[in-house]
Amino acid sequence: AQSVTQLGSHVSVSEGALVLLRCNYSSSVPPYLFWYVQYPNQGLQLLLKYTSAATLVKGINGFEAEFKKSETSFHLTKPSAHMSDAAEYFCAVSETAGNKLTFGGGTRVLVKP
Amino acid sequence: GAVVSQHPSRVICKSGTSVKIECRSLDFQATTMFWYRQFPKQSLMLMATSNEGSKATYEQGVEKDKFLINHASLTLSTLTVTSAHPEDSSFYICSAPRTGEGFGYTFGSGTRLTVV
């Protein structure tokens with residue numbers, strides 16, 4: 001069975017500082033991995049996805065993530081935080097294209113001015 | 001891009017009544033729709049998977065008689081919360097997978113259900 005663990009339910013960063021959100025997964029097969037952002041009372045917006053192509057994936061809004069099979073990780077980073085990055089972030093995994101997504105517990109990012 | 005329109009965005013209903021939530025795929029055919037539930041400050045939990053033309057598959061612990069899911073066409077899936085109670089108050093989100101070159105998942109904007 002697939003599962004996702006996000007280390008840290010809350011992360012606080014200063015504006016302009018590095019954002020690092022950690023995600024580890026377990027999967028019996030090569031997974032498809034996703035990072036989503038959610039603003040209050042809204043649906044999920046895709047930041048980026050890994051689908052077995054390049055291990056370093058670039059997404060929207062300056063975010064990127066690196067797939068490390070040996071570490072079963074897919075950490076999300078952004079070099080310089082912006083106030084608009086304050087939101088909830090979810091890592092998710094799917095073992096088969098089009099199959100259900102399993103979500104991590106989420107990480108709430110607070111950006112301090 | 002692919003869009004899933006979810007309505008209503010917010011609904012308040014009285015205990016004992018039923019509420020229907022609709023998700024429509026606007027520019028693609030959604031043969032499958034995933035329905036998630038999200039409690040405040042928590043993650044998304046899959047409730048059920050609907051497939052056009054067949055019965056929905058419910059996750060363990062989800063009452064199928066309480067959460068009725070219908071996938072009437074390739075562009076419409078509905079979730080009806082029957083005999084709603086305050087503990088059903090939650091944020092409900094639908095998601096349709098897209099296969100092929102643009103593989104991914106398109107999410108609805110969510111429905112905030114409050115049962116009073």
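- Separation of atoms CG (A:Asn41) and OG1 (B:Thr111) is listed at 11.0 Å; rounding is to 0.5 Å.
- Considering every non-hydrogen atom in both A:Phe90 and B:Gln42, the closest pair reads CZ-O, 4.0 Å.
- Within the 4.5 Å cutoff, no side-chain heavy atoms of B:Tyr36 are placed close to those of A:Leu44.
- Summarising the local packing, CD1 of B:Ile12 is surrounded by 12 or fewer heavy atoms from other residues, nucleotides or ligands at distances under 6.0 Å.
- Linking Ile, Leu, Val, Met, Phe, Trp and Tyr residues whenever their side-chain heavy atoms come within less than 4.5 Å places A:Phe67 and A:Val57 in a single cluster.
- A single hydrophobic cluster is not seen to contain both A:Trp35 and A:Tyr32; linkage of ILVMFWY side chains at heavy-atom distances under 4.5 Å, directly or through other members, places them apart.
- Among A:Gly98, A:Ser9, A:Gly43, the residue with the largest count of heavy-atom pairs under 4.5 Å with chain B is A:Gly98.
- Among B:Ser9, B:Gly110, B:Pro97, the residue with the largest count of heavy-atom pairs under 4.5 Å with chain A is B:Pro97.
- Proximity of a side-chain donor or acceptor of B:Ser43 to a complementary backbone N or O of A:Gly106 within less than 3.5 Å is not detected.
- Interatomic distance, B:Thr32 OG1 to A:Asn99 CG, rounded to the nearest 0.5 Å: 9.0 Å.
- In this structure, B:Val115 is a member of the same hydrophobic cluster as B:Phe67, with clusters built from ILVMFWY side-chain heavy atoms closer than 4.5 Å.
- The local environment of CZ in A:Arg22 is sparse, with at most 12 non-hydrogen atoms from other residues, nucleotides or ligands closer than 6.0 Å.
- Heavy-atom minimum distance, A:Gln42 versus B:Phe91: O-CE2, 3.4 Å.
- Other residues, nucleotides and ligands contribute only 12 or fewer heavy atoms inside 6.0 Å of the NZ atom of B:Lys55.
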### Message
Applying side chain to side chain contact (heavy atoms under 4.5 Å, CB included) to B:Phe107 and A:Gln38, what does each step give before you reach the verdict?
### Response
CA-CA 11 Å; B:Phe107 287 82; A:Gln38 184 181 35; over 6 Å; no
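- A pairwise comparison of heavy atoms in A:Ser94 and B:Tyr105 identifies OG-OH, 3.0 Å as the closest pair.
- No more than 12 heavy atoms of other residues, nucleotides or ligands sit less than 6.0 Å from atom NZ of A:Lys100.
- The candidate with the highest count of non-hydrogen atom pairs below 4.5 Å against chain B, out of A:Leu101, A:Thr51, A:Leu46, is A:Leu101.
- Neither the backbone nor the side chain of A:Thr107 comes within contact range of chain B; no heavy atoms are under 4.5 Å apart.
- Of the two parts of B:Arg98, neither the backbone nor the side chain holds a non-hydrogen atom closer than 4.5 Å to a non-hydrogen atom of chain A.
- Both the backbone and the side chain of A:Phe103 come within less than 4.5 Å of a heavy atom of chain B.
- Interface remark: B:Gln6 contributes no atoms to any contact with chain A (heavy atom separation under 4.5 Å).
- Residue B:Ile93 touches chain A through its side chain alone, counting heavy-atom pairs closer than 4.5 Å.
- Both A:Leu33 and A:Leu48 belong to a common hydrophobic cluster when Ile, Leu, Val, Met, Phe, Trp and Tyr are linked at side-chain heavy-atom distances under 4.5 angstrom.
- We find the OG-CD distance between B:Ser109 and A:Gln45 to be 13.0 Å, quoted to the nearest 0.5 Å.
- Note that CG of B:Leu46 and OG1 of A:Thr102 are 8.0 Å apart. Values are rounded to the nearest 0.5 Å.
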